[in-house]
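Okay, structure first, notes after.
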Amino acid sequence: MEKVTADRVFINELSQHVGQEVTIKGWLYNLRSSGKILFPQLRDGTGVVQCVAVKASVTPEIWDALKGLGQESALAIRGTVRADSRAPGGYEIDLIDAQIFSEVHDYPITPKEHGTEFLMDHRHLWLRSRRQHAILKVRHTVVKAVRDFFDNDGFTLADAPIFTPAACEGTTTLFEVDYFDGEKAYLTQSGQLYNEATAAAFGKVYCFGPTFRAEKSKTRRHLTEFWMVEPEMAYATLDDVMTLAERMLAYIAGRVLVDRVEELKVLERDTAKLEAIVPPFPRLHYDDAVKMLHEGHEKGLLETRFEWGGDFGAPDETYISSHYDKPVMVHHYPAEVKAFYMARDPERNDLALGVDVLAPEGYGEVIGGGERATSLEFLKEQIALHELPQEAFEWYLDLRRYGSVPHAGFGMGIERCTAWMCGIEHVRETIPFPRMLYRLRP
RNA sequence: UCCGCAGUAGCUCAAUGGCAGAGCAUCCGGCUGUUAACCGGAGGGUUGUAAGUUCGAAUCUUACCUGCGGAGCCA
């Protein structure tokens, strides 16, 4: 077979090569034929392009080789780029030559519909599909936007460790690791406590990495391994953190709208929903949120009457957020339902200076955060009250012994944010290889 | 962990107590503009597993396994 010799270009660059002879290296996305004319569609990771091979214009060897190719065969083609409204994507390549790298005849994922289990079992191949490709491109942009946002705002990236000796959330959701001599280690649930140390060193910091929670949760919003970005600011309050959260979310949505136009089309995302994500976001005191839930119950829109003092369930969150077309920030939760390190409202000691950001359209809690307690004595009490081993937290208590200041931060789940941006049902599609209860492979 | 639903060809599904089928995929053939192309033909089955009821079970019963949806908890 002849060598493919023209300059290699990528499919998303074709508009700059109209009239030129180019080489595309990729995989066969689909093949249609009509007698003496073949329409192979190639994908190369940047897009999909339709090629046209006319029997009279190529050698018999190339014709026969192309004719028999199955989906996902690997090949390079040489041809002339042409704008054509009949082609999906707007550009078409008149094929001159082809080189087959790998011939495939039994690719399991066909253009027809498949079930969730089958697709999840073939996740390593499913990633090649147009929709999955679009979702992960959006994820990439969400991550990039997050990093740019903090980098441009004077934050220092200071990542937290993944092996930790103690929990910062509840102890029921820890993954145990048996490796360190004579001591149990756990996979991190949050970089929160370490962030407080680096914030005292750098002022404004963030960490970004994988997080592990052994919750027996089987919902569209849960993964056992997920990625979280956590900013932390010294000399900052609950209000500062809410302002930071709304600025960040608006920045992310803006970047996705600009950088992922094609992907949002593939996903059939209603972009008006993303355009609405601009500050200020409504701020709702927990007491007022509870009032809202009571009204919802009286109107018959909520099954059970919410009791003051609890944390919101999924239907409660959805009901609250349904009143707004922007994310809503619920603040001043009862201290009892929040972590031990939360600062208290000086006027009402039973309330914590915490905030949850509830995304619209039922996407639920995408951000949780707040102001941290500054008093050494208070934290010692809380550690005892929660029956946590104080010796494990001595380093953390040092942060209160040596230059304790008001500080605040939050955590955002990248997958929940990405699912929201994409407008998709389940977070499992927003990470290349999801880890869930009952899902370790592939 | 609890509640609900489902498991039949490689995939998506039909067959509701009486011959296990269709579309897609695969293979063979046809078609010079296809858009999840179309047309003709072929191959493809331990009906999730085990036991039970019955003359007869994909179908009814029980247990188990697997998956999906929801709840609690969370980002």
Side-chain angles (χ1 to χ4, degrees), chain A residues 29-41 48 50-57 63 67-68 70-72 82 84-89 92 94 104-122 125-126 129-130 168-173 189-192 208 210-230 245 303-304 310-318 337-339 355-359 363-369 410-420 425-428 430-431 436-439:
Chain A
Y29 197 72
N30 195 10
L31 177 66
R32 287 184 284 267
S33 72
S34 179
K36 305 287 183 291
I37 182 166
L38 292 173
F39 298 95
Q41 289 192 333
V48 178
Q50 173 163 290
C51 306
V52 184
V54 178
K55 190 173 187 181
S57 310
W63 177 262
K67 198 178 60 174
Q71 205 185 335
E72 289 303 316
R82 179 166 46 72
D84 194 315
S85 58
R86 290 171 295 186
E92 206 168 64
D94 288 318
V104 176
H105 290 284
D106 53 356
Y107 187 67
I109 300 177
T110 69
K112 289 276 183 180
E113 71 268 23
H114 299 282
T116 306
E117 184 186 7
F118 178 80
L119 290 170
M120 289 300 290
D121 284 343
H122 294 84
L125 302 177
W126 190 22
S129 301
R130 204 187 291 253
C168 36
E169 311 280 336
T171 48
T172 52
T173 64
Q189 296 173 303
S190 161
Q192 159 66 39
F208 177 56
T211 306
F212 309 87
R213 297 200 183 162
E215 291 158 355
K216 301 287 184 201
S217 307
K218 225 173 75 80
T219 81
R220 67 183 64 170
R221 295 208 285 268
H222 284 88
L223 296 169
T224 51
E225 177 184 320
F226 66 99
W227 285 66
M228 187 154 66
V229 60
E230 295 173 276
E303 264 183 47
T304 49
D311 212 344
F312 305 128
D316 304 319
E317 282 184 0
T318 303
V337 300
K338 290 290 171 186
V355 58
D356 281 354
V357 181
L358 308 181
Y363 282 96
E365 189 183 339
V366 289
I367 286 178
F410 64 75
M412 180 180 77
I414 290 293
E415 290 77 15
R416 284 190 185 175
C417 181
T418 303
W420 170 33
E425 274 294 300
H426 205 297
V427 291
R428 66 184 160 218
T430 65
I431 186 166
M436 300 179 291
L437 187 63
Y438 311 129
R439 172 63 67 177

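Lettering follows sequence order; numbering is per chain, from 1. The analysis underlying the following values was restricted to heavy atoms, covering all of them including side chains, and did not include hydrogens, waters or symmetry mates.
Taking the side chain of Arg428(A) as heavy atoms from C-beta on, and the options A75(B), C68(B), U32(B), the nearest nucleotide is C68(B). In this structure, of U26(B), A75(B), G33(B), it is G33(B) that holds the atom nearest to the side chain of Gln50(A). Distances were taken from every side-chain heavy atom of Arg82(A) (C-beta onward) to each of C74(B), G33(B), A75(B); the shortest belongs to G33(B). When each of C31(B), A25(B), A75(B) is scored by its nearest atom to the side-chain atoms of Thr110(A), the top-ranked nucleotide is A25(B). For Lys218(A), taking side-chain heavy atoms from C-beta onward, the closest of the listed nucleotides U12(B), U34(B), G69(B) is G69(B). Taking only side-chain atoms of Val54(A), from C-beta outward, the nucleotide of U32(B), U34(B), G69(B) with the closest atom is U32(B). With distances taken from any side-chain atom of Arg213(A) to the nucleotides U26(B), A75(B), A25(B), the minimum falls on A75(B). The nucleotide whose nearest atom lies closest to any side-chain atom of Glu113(A) is, among C11(B), G33(B), A36(B), A36(B). Checked against A71(B), A75(B), U32(B), the side chain of His222(A) finds its nearest nucleotide in A75(B). Nearest nucleotide to the Phe118(A) side chain, out of C11(B), U32(B), G33(B): C11(B).
The interatomic distance linking Leu125(A) (CG) with A25(B) (P) rounds to 18 Å, in whole Å. The interatomic distance linking Lys67(A) (NZ) with C31(B) (P) rounds to 10 Å, in whole Å. Per the geometry, CZ belonging to Phe312(A) stands 14 Å off P belonging to A75(B), to the nearest Å. Atom C1' of nucleotide G30(B) and atom CH2 of Trp63(A) are separated by 13 Å, given to the nearest angstrom. Atom pair Glu215(A):CD and C2(B):P shows a separation of 18 Å (rounding to whole Å applied). The nearest whole Å value for the distance from the NE2 atom in His105(A) to the C1' atom in C28(B) is 13 Å. Rounded to whole Å, the distance from CZ on Arg32(A) to P on G33(B) is 14 Å. In this structure, the CH2 atom of Trp227(A) is 20 Å from the C1' atom of C74(B), given to the nearest Å.
Taking atom P in both C60(B) and U1(B), one finds a spacing of 27 Å when rounded to whole Å. The C1' atoms of C11(B) and U54(B) are separated by 34 Å, rounded to the nearest whole Å. Rounded to whole Å, the P atom of G67(B) lies 32 Å from the corresponding atom of C27(B). Comparing the P positions of C31(B) and G48(B) gives an interatomic distance of 43 Å, to the nearest angstrom. Between G7(B) and U46(B), the distance separating the two C1' atoms is 15 Å to the nearest Å. Nucleotides A15(B) and A6(B) place their P atoms 13 Å apart, quoted to the nearest Å. Between U8(B) and A57(B), the two C1' atoms lie 13 Å apart (nearest whole Å). Taking the C1' atoms as reference points, G23(B) lies 12 Å from A9(B), given to the whole Å.
When Watson-Crick and G-U wobble pairs are counted only if both distances are under 3.5 Å, U61(B) pairs with A51(B). The pairing partner recorded for A15(B) is none, the criterion being a Watson-Crick or G-U wobble arrangement whose two distances lie under 3.5 angstrom. Judged by Watson-Crick or G-U wobble contacts below 3.5 Å, the nucleotide A42(B) has U26(B) as its partner. Searching all strands for a Watson-Crick or G-U wobble partner of G4(B) with both distances below 3.5 Å returns C68(B). Remark: G33(B) base-pairs with no nucleotide; criterion is Watson-Crick or G-U wobble with both hydrogen-bond distances under 3.5 Å.
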Stepwise side chain to side chain contact (heavy atoms under 4.5 Å, CB included) test for Val52(A) and Arg82(A): CA-CA 10 Å; Val52(A) 184; Arg82(A) 179 166 46 72; 4.3 Å; yes
Side chain to side chain contact (heavy atoms under 4.5 Å, CB included) evaluation trace for Phe312(A) with Glu365(A): CA-CA 10 Å; Phe312(A) 305 128; Glu365(A) 189 183 339; over 6 Å; no
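No engagement by Glu230(A) is indicated, since no non-hydrogen atom pair under 4.0 Å with the nucleic acid exists. At a threshold of 4.0 angstrom between heavy atoms, the contacts of Glu117(A) are confined to the sugar-phosphate backbone, with no base atom among them. If you check every strand for non-hydrogen atoms under 4.0 Å, Leu223(A) touches a base. Across all strands, Thr219(A) comes closer than 4.0 Å to base atoms (heavy-atom distances). In this structure, Pro88(A) reaches the bases: a heavy-atom distance under 4.0 Å links it to at least one base atom across the strands shown. Among the protein residues, Phe410(A) comes within range of no part of the nucleic acid, since none of its heavy atoms lies under 4.0 Å from any strand. Nucleic acid contact for Gly115(A): sugar-phosphate only, since backbone atoms but no base atoms lie under 4.0 Å from a heavy atom of the residue. As judged by a 4.0 angstrom heavy-atom cut-off over every strand, His122(A) is placed among residues making no nucleic acid contact. Residue-level contact check: Asp311(A) touches the backbone only, with heavy atoms under 4.0 Å from sugar-phosphate atoms and none from bases.
Side-chain polar atoms of Ser190(A) and Glu230(A) form a donor-acceptor pair below 3.5 angstrom.
Aromatic stacking of Phe39(A) on G33(B): not satisfied for centres closer than 5.5 Å together with planes under 30 degrees.
You won't find any donor-acceptor pair under 3.5 Å spanning the side chain of Glu425(A) and the base of G69(B), going by distance alone.
Each of Met436(A), Glu415(A), His222(A) was compared with His426(A) under the side chain to side chain contact (heavy atoms under 4.5 Å, CB included) criterion, and only Met436(A) meets it.
Remark: side-chain polar atoms of Ser217(A) are not paired, donor with acceptor, to backbone N or O of Thr219(A) under 3.5 angstrom. Judged purely by atom type and a 3.5 angstrom limit, Arg416(A) has no side-chain atom pairing as donor or acceptor with the backbone of Val366(A).
Toward the 5′ end of RNA chain B lies the nearest nucleotide of Val104(A), the other residue of the pair Asp94(A) and Val104(A) mapping further downstream. With RNA chain B read from its 5' end, the first of the two nearest nucleotides for Asp316(A) and Tyr438(A) is the one closest to Tyr438(A).
The two residues Pro108(A) and His114(A) make their nearest non-hydrogen contact at O-CE1, 3.8 Å. Residues Gln71(A) and Pro111(A) approach most closely at OE1-CD, 3.7 Å, considering heavy atoms.
Note on Lys112(A): every side-chain N or O is 4.0 Å or more away from OP1 and OP2 of A25(B).
The aromatic rings of Phe118(A) and His122(A) sit tilted relative to each other, their planes meeting at an angle between 30° and 60°.
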